[in-house]
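Computed from a predicted model, the values in this text were never measured in an experiment.
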Amino acid sequence: MILEIRISNYGSMLVYINNEDFQKIIKKHLPFMSNAEVWKEEVYFQTPIGEDIKGEKILRVVSGDVCYWPPGRALCLFYGITQPYSPVVKVGEIIGPCYGLRDVENGSKLEVKEYQLPKDYKDIISLMRKHDIIAGTRITDIESIVLNYHVKGRRIGIEVYVEEYGYHIEGDALFKYIPDPYALSVLNKMRKSIEEYEGVRVDINEDGYVCLTSYARDKEELINRIKELAIAYDAVLSELNINLGF
């Protein structure tokens with residue numbers, strides 16, 4: 001199940017819900033309105049849920065986790081290194097890069113509803129899902145395809161921009177680029193760790209964050225590039241011994 005969250009002054013984002021108990025319960029309350037609360041590197045909001053959610057209560061999360069916080073009846077979106085205030089139940093994951101959630105303003109109004117796939121993107125996203133790629137579309141200042149591909153259990157969030165001349169593929173942000181000797185040495189390590197992946201580059205996104213990018217000419221090449229980019233991300237994160245967080 002995929003939920004679409006439309007946030008005022010931000011745009012939309014998607015979350016993939018894989019906790020079956022939470023799926024059944026949240027579906028009864030859709031759509032609903034709420035207000036975003038920003039706490040460190042987490043966005044959370046109250047839901048109409050009154051029932052208990054089945055699942056292990058955990059204290060450790062990673063960037064991209066979506067969890068239910070029982071005391072506040074809230075859905076929590078973790079996009080950095082922030083840990084839960086008290087135990088939560090993991091119910092899913094953010095789809096695509098999640099660093100942009102730092103732009104969500106405290107108190108922003110939001111609407112939560114079940115995601116409906118636009119007809120214009122049905123073929124390409126159906127193709128992605130056949131390859132175990134969790135995908136959908138979202139709108140911020142522009143429309144794009146967001147997706148997750150898992151490598152060795154690690155969620156890799158990726159965004160695809162559809163252009164007339166092909167597909168620009170961009171992974172989640174790693175860290176803010178600062179042109180100092182330490183950052184340059186890290187970039188050199190990153191380049192060495194992805195040398196075998198010919199279609200992947202160390203790059204900087206439009207917001208000034210270091211990331212990996214790629215390009216594909218058609219749908220078939222796009223699937224291969226997505227998988228290659230995700231594997232390269234895993235190689236970089238393993239080489240630097242870090243997890244996605246900011």
**Student:** Is there a path of hydrophobic side-chain contacts, each under 4.5 Å between heavy atoms of I/L/V/M/F/W/Y residues, joining Phe78 to Leu101?
**Tutor:**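 No; tracing contacts between hydrophobic side chains, which count when under 4.5 Å, never links both residues.
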
**Student:** What is the distance from atom NZ of Lys57 to atom CH2 of Trp69, rounded to the nearest 0.5 Å?
**Tutor:**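 Lys57 NZ to Trp69 CH2: 13.5 Å, rounded to 0.5 Å.
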
**Student:** Check for a donor-acceptor pair, side chain of Asp65 on one end and backbone N or O of Val62 on the other, with a separation under 3.5 Å.
**Tutor:**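 Here the side-chain-to-backbone pair exists.
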
**Student:** So Lys109 and Arg6, side-chain contact (heavy atoms from CB on, under 4.5 Å) or not? Walk me through it.
**Tutor:** CA-CA 8 Å; Lys109 294 185 181 300; Arg6 296 197 172 188; over 6 Å; no

**Student:** Around atom CZ of Arg217, are there more than 12 heavy atoms from other residues, nucleotides or ligands closer than 6.0 Å?
**Tutor:**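 For Arg217, atom CZ is not crowded (no more than 12 foreign heavy atoms under 6.0 Å).
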
**Student:** Which distance, rounded to the nearest 0.5 Å, do you find between the SG of Cys211 and the CG of Leu174?
**Tutor:**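 Going from the SG atom of Cys211 to the CG atom of Leu174 covers 7.5 Å.
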
**Student:** Step by step, would you call Lys219 with Glu221 a salt bridge (charged side-chain N to carboxylate O under 4.0 Å, His left out)?
**Tutor:** CA-CA 5 Å; Lys219 293 178 183 178; Glu221 186 177 36; over 6 Å; no

**Student:** Over 60° means perpendicular and under 30° means parallel, so classify the ring planes of Phe22 and Tyr68, tilted if in between.
**Tutor:**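 Rings of Tyr68 and Phe22: tilted, 30 to 60°.
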
**Student:** Run the side-chain contact (heavy atoms from CB on, under 4.5 Å) check on Met1 and Ile26 step by step: do they pass?
**Tutor:** CA-CA 10 Å; Met1 177 185 190; Ile26 194 71; 3.9 Å; yes

**Student:** Give the cluster check for Leu14 versus Tyr44: same hydrophobic cluster or not, with ILVMFWY residues linked at side-chain heavy-atom distances below 4.5 Å.
**Tutor:**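 Different clusters: Leu14 never reaches Tyr44 through Ile, Leu, Val, Met, Phe, Trp or Tyr contacts under 4.5 Å.
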
**Student:** Should we say atom CG of Asp132 is surrounded by more than 12 heavy atoms from elsewhere, each under 6.0 Å from it?
**Tutor:**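 At most 12 heavy atoms, drawn from other residues, nucleotides or ligands, come within 6.0 Å of this atom.
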
**Student:** Could you check whether any side-chain N or O of Ser126 sits under 3.5 Å from a backbone N or O of Asp123, counting only pairs where one atom can act as donor and the other as acceptor?
**Tutor:**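 The answer is no, because no donor-acceptor pair under 3.5 Å joins these two groups.
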
**Student:** Would you call Glu228 and Arg225 a salt bridge, using N to O less than 4.0 angstrom?
**Tutor:**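 Here Glu228 pairs with Arg225 in a salt bridge, since their nearest N and O are under 4.0 Å apart.
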
**Student:** State whether the number of non-hydrogen atoms from other residues, nucleotides or ligands found under 6.0 Å of Gln23 atom CD is greater than 12.
**Tutor:**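 Yes, because the 6.0 Å sphere around CD of Gln23 holds more than 12 heavy atoms from other groups.
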
**Student:** Does the pair Ile223 and Ile133 meet the rule for a side-chain contact (heavy atoms from CB on, under 4.5 Å), with working shown?
**Tutor:** CA-CA 9 Å; Ile223 299 299; Ile133 298 170; 4.3 Å; yes

**Student:** Give, for atom CG of Leu240 and atom OG of Ser193, the distance between the pair rounded to the nearest 0.5 Å.
**Tutor:**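 Going from CG on Leu240 over to OG on Ser193, the span is 6.5 Å.
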
**Student:** For Glu163, does the CD atom sit with more than 12 other heavy atoms under 6.0 Å from it, leaving out its own atoms?
**Tutor:**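 Yes, the 6.0 Å shell around CD holds more than 12 heavy atoms from other groups.
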
**Student:** Could you check if a side-chain atom of Tyr10 sits within less than 4.5 angstrom of a side-chain atom of Ser108, using non-hydrogen atoms only?
**Tutor:**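 No, too far: nothing below the 4.5 Å cut-off.
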
**Student:** What do the steps show when you test Ser12 against Lys113 for side-chain contact (heavy atoms from CB on, under 4.5 Å), and what is the final call?
**Tutor:** CA-CA 11 Å; Ser12 68; Lys113 60 183 182 178; over 6 Å; no

**Student:** In the structure I gave you, are the side-chain heavy atoms of Ile158 and Asp172 within less than 4.5 Å of one another anywhere?
**Tutor:**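 The answer is no; the side chains never approach within 4.5 Å.
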
**Student:** Does the Asn19 side chain pair with the main chain of Lys54, one donor and one acceptor, at a distance under 3.5 Å?
**Tutor:**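 It does hold such a pair.
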
**Student:** Hey, mind stepping through Thr213 and Arg201 against side chain to side chain donor-acceptor pair (under 3.5 Å) and telling me if it holds?
**Tutor:** CA-CA 5 Å; Thr213 63; Arg201 308 84 59 90; 3.0 Å; yes

**Student:** Could you report the tightest heavy-atom contact between Lys189 and Glu239, atom names first, then the distance?
**Tutor:**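 Shortest heavy-atom separation between Lys189 and Glu239 comes out as O-CG, 4.4 Å.
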
**Student:** Please check if the number of heavy atoms outside Tyr85 that lie under 6.0 Å from its OH is greater than 12.
**Tutor:**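 Result for OH/Tyr85: open.
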
**Student:** If you measure from the Lys or Arg side-chain nitrogens to the Asp or Glu carboxylate oxygens, is any gap between Glu41 and Arg102 under 4.0 Å?
**Tutor:**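 Yes, Glu41 and Arg102 are salt-bridged.
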
**Student:** Does CG in Asp52 sit with more than 12 non-hydrogen atoms of other residues, nucleotides or ligands closer than 6.0 Å?
**Tutor:**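 Incorrect, the count does not exceed 12.
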
**Student:** Could you tabulate the donor-acceptor pairs under 3.5 Å formed by side-chain atoms of residues 137-149, not counting sequence neighbours?
**Tutor:**
residue: Thr137; atom: OG1; partner: Tyr115; partner atom: OH; Å: 2.8
residue: Arg138; atom: NE; partner: Glu159; partner atom: OE2; Å: 3.4
residue: Arg138; atom: NH2; partner: Glu159; partner atom: OE1; Å: 3.3
residue: Arg138; atom: NH2; partner: Glu159; partner atom: OE2; Å: 3.4
residue: Glu143; atom: OE1; partner: Tyr121; partner atom: OH; Å: 3.4
residue: Ser144; atom: OG; partner: Glu159; partner atom: OE2; Å: 2.5
residue: Asn148; atom: OD1; partner: Gly96; partner atom: N; Å: 2.8
residue: Asn148; atom: OD1; partner: Arg155; partner atom: NH1; Å: 3.0
residue: Asn148; atom: ND2; partner: Glu93; partner atom: OE2; Å: 2.9
residue: Asn148; atom: ND2; partner: Ile94; partner atom: O; Å: 2.8

**Student:** Once you round to the nearest 0.5 Å, how far does CG of Asn35 lie from CD1 of Ile7?
**Tutor:**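 Asn35 atom CG to Ile7 atom CD1 measures 11.0 Å (nearest 0.5 Å).
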
**Student:** Flag the pair Cys76 / Trp39 as yes when at least one side-chain heavy-atom distance between them is below 4.5 Å, and no otherwise.
**Tutor:**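 No. Closest side-chain heavy atoms not under 4.5 Å.
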
**Student:** Examine Ile156 and Val61 and state if one hydrophobic cluster contains both, with Ile, Leu, Val, Met, Phe, Trp and Tyr joined whenever side-chain heavy atoms are less than 4.5 Å apart.
**Tutor:**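 No, separate clusters.
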
**Student:** Would you say the rings of Tyr209 and Tyr99 are close, in the sense that their centroids are separated by under 6.0 Å?
**Tutor:**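 Yes: the rings meet the under 6.0 Å criterion.
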
